[in-house]
Amino acid sequence: MRPVDEHAALLLAACAPLPAVDVPLLEAHGLVLAADVHSGVRLPPFTNSAMDGYAVRHGEVAAASPERPVTLPVAGDVAAGARGEVYVEEGTTVRIMTGAPMPQGVDAVVAVEQTDRGTAQVEIYEAAPAGQHLRELGSDVEVGDLVCAAGTLVDARVVALLASVEATTVSVHPRPRVVVLSTGDELVEPGSPLGYGQIVDSNGPMLEAACAEDGFVSSRVHGVVDDESSFTAELEAALAVSDAVITTGGVSAGAYDTVKAVLSRGGAMEFGPVAMQPGKPQGFGVMTAADGREVPVFTLPGNPVSALVSYEVFVAPCLRVLAGRLPSVADVVEATVTEGWRAPEGKVQFTRVVLSRSETDPERYDVRPAGGQGSYQLSSLVQANGLAVVPVEVTRVGVGDTVGVRLLVPRGEIT
Ligand SMILES: Nc1nc2c(c(=O)[nH]1)N[C@H]1C(S)=C(S)[C@@H](COP(=O)(O)OP(=O)(O)OC[C@H]3O[C@@H](n4cnc5c(N)ncnc54)[C@H](O)[C@@H]3O)O[C@H]1N2
Ligand code: MOO
């Protein structure tokens, strides 16, 4: 059996960022820049006031104090968005608002709190050194500055900066399009009545949701029957509209394991057990779509928990690479075992566990099994907030042992 880390590394090595496309800035949110962005402008684009107050010549208020205020006539107002340049005559001031362009003739701003707030004339209570409360032209970004490097994830902060430097179109790696194919004669679409021997297709909706949560464009093809020509047709159709395909079911040793039977022939796919539980039967390959694009295909085991663990450990990191991101580094915490369990020999066990903050030290975590560990048992997957990673050589996890746990929920939600 192939070790988990080796399998993950082989899959990652077969994946590369999708070719860059140009998109309007607002469509780039959540994507990764494929090229450096240099600024063509200066920020701020004009020198402006950092405070609501009065624009003054510093020399005219040098002697001002609360006891001996300097009184100046107020010649007008300059608000943010003011059009047309203003010149302030010697011996006068103007009221100025935060973000308003600094008029000509003046070189400092006195905050309104340091005055009597007069509108016809104003008493100024403090001296203002030249440049006080000014945001100088180009003091944030200069023309030619590298504002965002290739590889930057366009988050809300990046959107703000790129909008400010007037980068209206940016080069990004597109959001990977993933098609999920649930295979199996027994599968019924959620909401449809179940006949004898049938179950609801839970893998399809689960993986479609997992992809969406991770920022990929996902769709699914429901209930692909265990028939070679149907599966082949659905796969061809999926390859034509996707950057990655995920199938579930039909990859172990059964007589109707169509996925494995069909895909073993072409030579592009490789099937084999990986030393893990759940998730042992795995398949992967890069197939060529009708238009010549190379599309990674992940064939996951049908058991729902096996499919989810396989997605987390193998598929999500590869999809992130397609998106131009680093492969995910799962958020892992160390936890102290409060209730022991057994683990299989020769396989990494991804145990569904409940993590809780230690009563004695909230910086530390306690951990216990979440319930039944059968690969079909979705209820314990939902009760769990983590997957303990039990190494290959460990067959018994004892009370007081320390285990590493991959979080299934944000760290802040663990109580
Ligand atoms: N003789 C052996 N049998 C099995 C082995 C083995 O090594 N030798 N491996 C077992 C392990 S481990 C796993 S995991 C499963 C994987 O089986 P397949 O990938 O071939 O999947 P299926 O047989 O099609 O289905 C397994 C199980 O999962 C249910 N299923 C399938 N698809 C869905 C879906 N979309 N939603 C919900 N549930 C689904 C299906 O009904 C089966 O119960 O094989 C073991 N057997
Ligand atoms: O690998 Mo299977 O996933 O053990 O049930």
Side-chain angles (χ1 to χ4, degrees), residues 1-4 7-8 178-192 194-211 218-228 230-231 234-235 238 245-264 269-284 297-315 341-352 371-382 384 387-390 392:
M1 278 191 290
R2 185 185 277 166
V4 171
H7 189 67
V178 186
V179 175
V180 179
L181 293 175
S182 300
T183 73
D185 287 347
E186 72 279 32
L187 302 178
V188 167
E189 182 68 359
S192 299
L194 293 181
Y196 176 78
Q198 293 185 318
I199 58 166
V200 174
D201 172 12
S202 58
N203 289 348
M206 172 178 72
L207 293 173
E208 191 183 17
C211 287
S218 52
S219 59
R220 68 190 170 92
V221 182
H222 159 70
V224 183
V225 290
D226 290 325
D227 164 81
E228 294 200 3
S230 307
F231 174 70
E234 295 288 8
L235 180 66
V245 173
I246 306 173
T247 70
T248 70
V251 292
S252 57
Y256 301 97
D257 283 341
T258 315
V259 173
K260 191 172 177 180
V262 171
L263 295 179
S264 295
M269 299 287 300
E270 197 198 340
F271 294 88
V274 173
M276 63 196 287
Q277 185 198 51
K280 186 182 72 166
Q282 294 287 337
F284 174 77
V297 177
F298 305 85
T299 61
L300 309 186
N303 279 320
V305 182
S306 314
L308 193 274
V309 170
S310 305
Y311 174 84
E312 293 284 335
V313 176
F314 301 127
V315 183
W341 69 88
R342 290 176 179 279
E345 196 169 357
K347 293 181 195 165
V348 174
Q349 186 192 44
F350 292 91
T351 327
R352 280 150 271 171
Q373 298 290 328
S375 305
Y376 66 98
Q377 287 173 300
L378 271 175
S379 59
S380 57
L381 181 63
V382 171
L387 293 171
V389 185
V390 182
V392 173

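Every heavy atom of this structure was used, including side-chain atoms; hydrogens, water molecules and symmetry mates were not. As the structure lists them, so they are numbered: ligands from 1, and atoms in each ligand from 1.
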Nearest non-hydrogen atom to [atom] belongs to which of [options]?
atom                    : options                        : result
atom 14 (S) of ligand 1 : Asn303, Leu181, Thr183, Val180 : Asn303
atom 33 (C) of ligand 1 : Asn203, Thr247, Val251         : Asn203
atom 21 (O) of ligand 1 : Gly250, Pro281, Ser252         : Gly250

Any chance you could measure Asn303, atom CG, to Leu308, atom CG, to the nearest 0.5 Å?
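With rounding to 0.5 Å, CG (Asn303) is 12.0 Å from CG (Leu308).
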
About how many Å separate CD of Glu234 and CG of Asp227, when rounded to the nearest 0.5 Å?
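With rounding to 0.5 Å, CG (Asp227) is 10.5 Å from CD (Glu234).
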
Using 30° and 60° as the class boundaries, would you call the ring planes of Phe298 and Phe284 parallel, tilted or perpendicular?
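Rings of Phe298 and Phe284: tilted, 30 to 60°.
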
Atom of [X], atom of [Y] and distance for their closest heavy-atom approach:
X      : Y      : result
Pro304 : Asn203 : CA-OD1, 3.2 Å
Ile246 : Cys211 : CD1-SG, 4.1 Å
Ala261 : Glu228 : CB-OE2, 3.9 Å
Gly346 : Ala275 : O-CB, 3.5 Å
Ala384 : Arg352 : CB-CB, 3.8 Å
Lys347 : Gln277 : CD-CB, 4.1 Å

Using a 4.0 Å cutoff against the non-hydrogen atoms of [X], which atoms of ligand 2 qualify?
X      : value
Gly279 : 1 (O), 2 (Mo), 3 (O)
Asn303 : 5 (O)
Pro278 : 1 (O), 3 (O), 4 (O)
Ser375 : 2 (Mo), 3 (O), 4 (O), 5 (O)

Side chains of [X] and [Y], heavy atoms from C-beta outward: is any pair under 4.5 Å?
X      : Y      : answer
Gln282 : Arg2   : no
Pro301 : Lys280 : no
Ile199 : Leu187 : yes

Hey, which atoms in ligand 1 end up nearer than 4.0 Å to a heavy atom of [X]?
X      : value
Val200 : 36 (N), 37 (C)
Lys280 : 7 (O)
Asp201 : 34 (C), 35 (N), 36 (N)
Ser306 : 14 (S)
Gly249 : 19 (O), 21 (O), 24 (O)
Glu186 : 31 (C), 40 (C), 41 (O)
Pro301 : 14 (S), 16 (C), 19 (O)

Looking only at heavy atoms, is any part of Ser182 under 4.0 Å from ligand 1, and if so is it the side chain, the backbone, or both, or is it neither?
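Near ligand 1, Ser182 shows its side chain, while the N, CA, C and O stay back.
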
Quick one about Gln349 and Trp341 (side-chain donor to acceptor, distance below 3.5 Å, no hydrogens or angles considered), yes or no?
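A donor-acceptor contact under 3.5 Å links the two side chains.
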
Which residue and non-hydrogen atom of the protein lie closest to atom 3 (O) of ligand 2, and at what distance in Å?
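Answer, as residue, atom name and distance: Ser306 OG, 2.3 Å.
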
Just let me know how Pro301 lines up against ligand 2, side chain, backbone, both or neither, with a heavy-atom cut-off below 4.0 Å.
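It is neither part, as no heavy atom is under 4.0 Å.
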
If the contact criterion is a heavy-atom separation under 4.0 Å, does Ser202 count as touching ligand 1?
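It does, in that a heavy atom of Ser202 comes within the 4.0 Å cut-off of ligand 1.
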
Under 3.5 Å, N or O to N or O, is Lys280 touching ligand 2 that way?
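In this structure, Lys280 places an N or O atom under 3.5 Å from an N or O of ligand 2.
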
Geometric N/O contact Ile199 with ligand 1, under 3.5 angstrom:
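Checking ligand 1 against Ile199, no N or O pair falls under 3.5 Å apart.
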
Would Leu300 count as being in polar contact with ligand 1, using the rule that some N or O on each side must be under 3.5 angstrom apart?
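N/O-N/O distance below 3.5 Å does not exist for this pair.
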
Is Pro281 close enough to touch ligand 2? Criterion: a residue heavy atom under 4.0 Å from a ligand atom.
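Contact check Pro281 vs ligand 2: positive.
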
